[in-house]
Amino acid sequence: MSEATPETKLDFVRQIVADDIANGKNNGQVQTRFPPEPNGYLHIGHAKSICLNFGIAQQFGGKCNLRFDDTNPEKEDTEYVQAIEEDVRWLGFEWEKKLFASDYFDQLYEWAVQLIKEGKAYVCDQTVEEVREYRGGWNKEGKHSPYRDRSVEENLDLFERMKNGEFADGEKSLRAKIDMNSSNMNLRDPAMYRIRHEHHHRTGDKWCIYPMYDFAHGQSDSLEGVTHSVCTLEFENHRPLYDWYIESLGIHHPQQIEFARLNLTYTMMSKRKLLELVNEKLVNGWDDPRMPTICGMRRRGVTPEALRAFCDKIGITKFNSLTELALLELCIRDHLNRTANRAMAVLDPLKVVITNYPEGETEMRQAINNPEDESAGIREMPFGRELYIERKDFMEEASKKYFGLTVDKEVRFKNAFFVKCNEAIKDDDGNVVELRCTYDPETSGGKAPDGRKVKGTLTWVSARHAVDAEVRLYNPLFNKEKPDDIEEGKDWKDGLNPESLVTLTGCKLEPSLAKAIPGDRFQFERTGYFCVDKDSTADKLVFNRTVTLKDGFAKSKKK
RNA sequence: UGCCCGGUGGUGUAAUGGCAACACUACGGUUUUUGGUACCGUCAUUCUAGGUUCGAGUCCUAGCCGGGUAACCA
């Protein structure tokens, strides 16, 4: 269970945890939590946090909860709760407890009353605009709200009446009485409760006042016995407030630790913008395989193992980094290379007729399912007179660097024979529509008895037995490494890649693929990793390209 | 403009005062019935300037650069 070997380097968060255990802090216990707000779908950035929080618990013999920070009913919904649970489980983690901040609304209310009684909180009648004005600025002192010195009795009465629904939204708020001249804006009498006559997805209409994140998060951690409250960097300035509430209330004090969120090249991580892509139908839903969402990546064919390996490789620091998409692709390829069975598929078919192969005859050729995994076994695929190869595997004129077929050149058809092209048949427009070739029956093992060698090995499928499929090729959703860097006068959506989805129809697959079901993953040899999409039916197969293979030839061509 | 947090190859991380290490990318090569995989090789004055120290990427000071931050969002 423990991934920590003596050589394992601990990131700074794990180092803190390890030190705390060594020092006997929290009685050597470790409790973490993953605390999403159920207002959207999880993306790969959340995966980093999930792997960190659950990973720490696993590694140090602790526990990790899944807690929904559902303190703002406006944007939240059970649809998201279910999706989040599914995604966390799919990633390979199981929570100790499933919790909701909304379960603590009664306790939180009592704590608010306690702070009022201690003169540390007051009901304020200022409008949002007035609060902003009175807060001052970075170089501007704050001013006390005229309601700051209300008596405890009045505050108690007013707060109860807020709860009872006697006031309209925005009419009043409960504020912490801290320091209107703090250099940290979060401490200039922050709001604790706001009035929202809104239906909550779990508490229904019981409440019309809702606690702010700051007044709910730390106390929720505390209630759950969280020892290490790990969150992202933008909450650094909230830590003093987190600590202030905990200390004022005199309750168990978890330690908040902040780390840098994930940034990926060619990828947009903003929840708001992802929502916009979905709403404006710029993508086909949250699980569009181009989306950086966990469900999108799942549909695309990415494995949880690959995602976890990625999260492990990127490390945890406080540095605002930009990770290259290539690293994610490496992790995906690495896992799929070991686990995905090989198959032959021709995405852009060009017919090949083996003129010296008897008409109407077929023979079965053996193919290794996975050269990286002997236990995957072998399969058979039919070879005959008419075949398909990739159109790009034939060139009329080619340099010596080209390993494909040209007229008068011989190549190997993988798992079959040496094949030589004799003639390219063209249509009236001059397009090559068919290759007339001959094969050498003596090369059945893939080698020639006379020792002659071929440079190229091509993939192929039997025309008579091939099954048709639609294949969806995915490219990065954005053209730019940093889609958030928006040029003057441009919109972030101008950076969308028009070729992020390329749909191919009439692709020809080896017959064994006919029985593939949604979720099945394969390596189409020499092409990439593909999985069966959920749109796929027995009548119409649909494949998604998860990631291409590394292509050394394409690279050398670029030069 | 204040406050907070950062800064190590193209990228991401490591080095916990003692030989700057690992991975990715790129480039070159070996092997190969996938131009895949595997394997080998090449790529750094640790942001700058001072200081402390026998010794500084690491500690101190200043500067420069980057990020966060002034919702009744999280």
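Proteins come first, then strands; the chains are lettered A, B, ... in the order of their sequence lines, and each starts at number 1.
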So what does A:F259 touch, heavy atoms closer than 4.0 Å: a base, only the sugar-phosphate, or nothing? nothing
For nucleotides B:C3 and B:U8, find the distance between their C1' atoms and express it as a whole number of Å. 27 Å
State which residues pass ring-ring contact (aromatic ring centres under 6.0 Å, His included) with A:Y193; sequence neighbours excluded, sorted by chain then number. A:F159, A:F215
When the C1' atoms of B:U37 and B:C47 are compared, how many Å lie between them, rounded to an integer? 40 Å
A:E329 atom CD is separated from B:A23 atom P, nearest whole Å, by 20 Å
In whole angstrom, give the distance that lies between atom CZ of A:F12 and atom C1' of B:G6. 11 Å
When you check every protein heavy atom under 4.0 Å of nucleotides 69-74 of chain B, what one-letter string (B, S, -) results, 5' to 3'? BBSBSB
Could you tell me whether A:E224 and A:R67 have a side-chain N and a carboxylate O separated by less than 4.0 Å? yes
A:K453 NZ to B:U32 C1', in whole Å, measures 12 Å
Interatomic distance at P, B:G55 relative to B:G18, whole Å: 14 Å
Short N-O contact, A:R338 and A:D334, less than 4.0 angstrom: yes
Report yes if the side chains of A:L264 and A:F310 come closer than 4.5 Å at any heavy-atom pair, otherwise no. yes
Whole-Å C1' distance, B:U25 and B:U13: 15 Å
The correct set of residues in residues 373-381 of chain A placing a heavy atom under 4.0 Å from RNA chain B is none
Would you tabulate the nitrogen or oxygen pairs shorter than 3.5 Å linking the protein to nucleotides 15-22 of chain B?
unit_1 : atom_1 : unit_2 : atom_2 : d
B:U16  : O4     : A:Q15  : OE1    : 2.7

Could you note down all residue pairs passing salt bridge (charged side-chain N to carboxylate O under 4.0 Å, His left out) where residues 123-135 of chain A supplies at least one of them, sequence neighbours left out? A:D125-A:R150, A:D125-A:K172
Could A:K318 and A:E258 be called an ion pair, given the rule that one side-chain N must be under 4.0 Å from one carboxylate O? yes
d(CD1, A:I389; P, B:U34) in whole Å: 17 Å
Determine the interatomic distance between P on B:U30 and the same-named atom on B:A23; round to the nearest Å. 22 Å
Nearest nucleotide by nearest heavy atom, which residue falls closer to the 5' end of RNA chain B, A:A416 or A:K318? A:K318
SB check A:R261 A:E234 (cutoff 4.0 Å): yes
Charged N-O contact under 4.0 Å between A:D103 and A:R202: yes
Rounding to an integer number of Å, can you tell me how far A:E141 CD sits from B:C3 P? 15 Å
For A:F478, all residues meeting ring-ring contact (aromatic ring centres under 6.0 Å, His included), sequence neighbours excluded: none
Quickly work out the A:F403 CZ to B:U32 P distance and round it to whole Å. 13 Å
Check salt bridge (charged side-chain N to carboxylate O under 4.0 Å, His left out) between A:E166 and all other residues, then give those that pass, not counting sequence neighbours. A:R161
For RNA chain B, the dot-bracket notation using Watson-Crick and G-U wobble pairs below 3.5 Å, [ ] for pseudoknot-type crossings and | for other-strand pairs, is .((((((..((((....[..)))).(((((.......)))))....(((((..]....))))))))))).....
Would you measure the distance from the P atom in B:G67 across to the matching atom in B:U58 and give it in whole Å? 24 Å
Can you tell me how the ring of A:W460 sits relative to the ring of A:F383, calling it parallel under 30°, perpendicular over 60° and tilted otherwise? perpendicular
Taking only Lys NZ, Arg NE, NH1 and NH2, and the carboxylate oxygens of Asp or Glu, determine whether A:R452 and A:E410 approach each other closer than 4.0 Å. yes
Pairing of A:K177 and A:D189 as salt bridge, 4.0 angstrom limit: no
Distance check needed: B:G6 P versus A:R261 CZ, whole Å only. 18 Å
Any donor and acceptor pair, going by atom type alone, linking the side chain of A:R196 with main-chain N or O of A:D169 inside 3.5 Å? no
Say we look at B:U46 and B:G7: how far apart would their C1' atoms be, to the nearest angstrom? 10 Å
Which residues pass the ring-ring contact (aromatic ring centres under 6.0 Å, His included) test with A:Y210, not counting sequence neighbours? A:F105, A:H200
Would you compute the distance between atom CZ of A:R521 and atom CD1 of A:I332 and round it to the nearest 0.5 angstrom? 10.5 Å
Do the side chains of A:K273 and A:D484 get close enough for a salt bridge, i.e. N-O under 4.0 angstrom? yes
Check nucleotides 7-12 of chain B against the protein and report each pair of N or O atoms closer than 3.5 Å, with its distance, or say if there are none.
unit_1 : atom_1 : unit_2 : atom_2 : d
B:G10  : N2     : A:E324 : OE1    : 3.3
B:U11  : O4'    : A:E324 : OE2    : 3.1
B:U11  : O3'    : A:L322 : O      : 3.2
B:U11  : O2'    : A:L322 : O      : 3.3
B:G12  : OP1    : A:L322 : N      : 3.0
B:G12  : O3'    : A:S321 : OG     : 3.4
B:G12  : O2'    : A:I314 : O      : 3.0

Just confirming the chi classification of B:A71, syn or anti, using 90° around 0 as the syn window. syn
If you count the non-hydrogen atoms of other residues, nucleotides and ligands that lie under 6.0 Å from CD1 in A:I368, is the total more than 12? no
State which residues pass ring-ring contact (aromatic ring centres under 6.0 Å, His included) with A:H46; sequence neighbours excluded, sorted by chain then number. A:H43
Restricting to nitrogen or oxygen on both sides, can you table the protein-nucleotides 36-46 of chain B pairs closer than 3.5 Å?
unit_1 : atom_1 : unit_2 : atom_2 : d
B:G36  : N2     : A:E372 : OE2    : 2.9
B:U37  : O2'    : A:N337 : ND2    : 3.2
B:U37  : O2'    : A:E372 : OE1    : 3.3
B:U37  : O2'    : A:E372 : OE2    : 3.3

For A:Q256 and B:C4, give me the distance from atom CD to atom P, rounded to whole Å. 17 Å
Please measure how far the P atom in B:A21 lies from the corresponding atom in B:C43, and state the result in whole Å. 11 Å
A:Y109 ring centre to A:K163 NZ or CZ under 6.0 Å, with the angle to the axis within 45°? yes
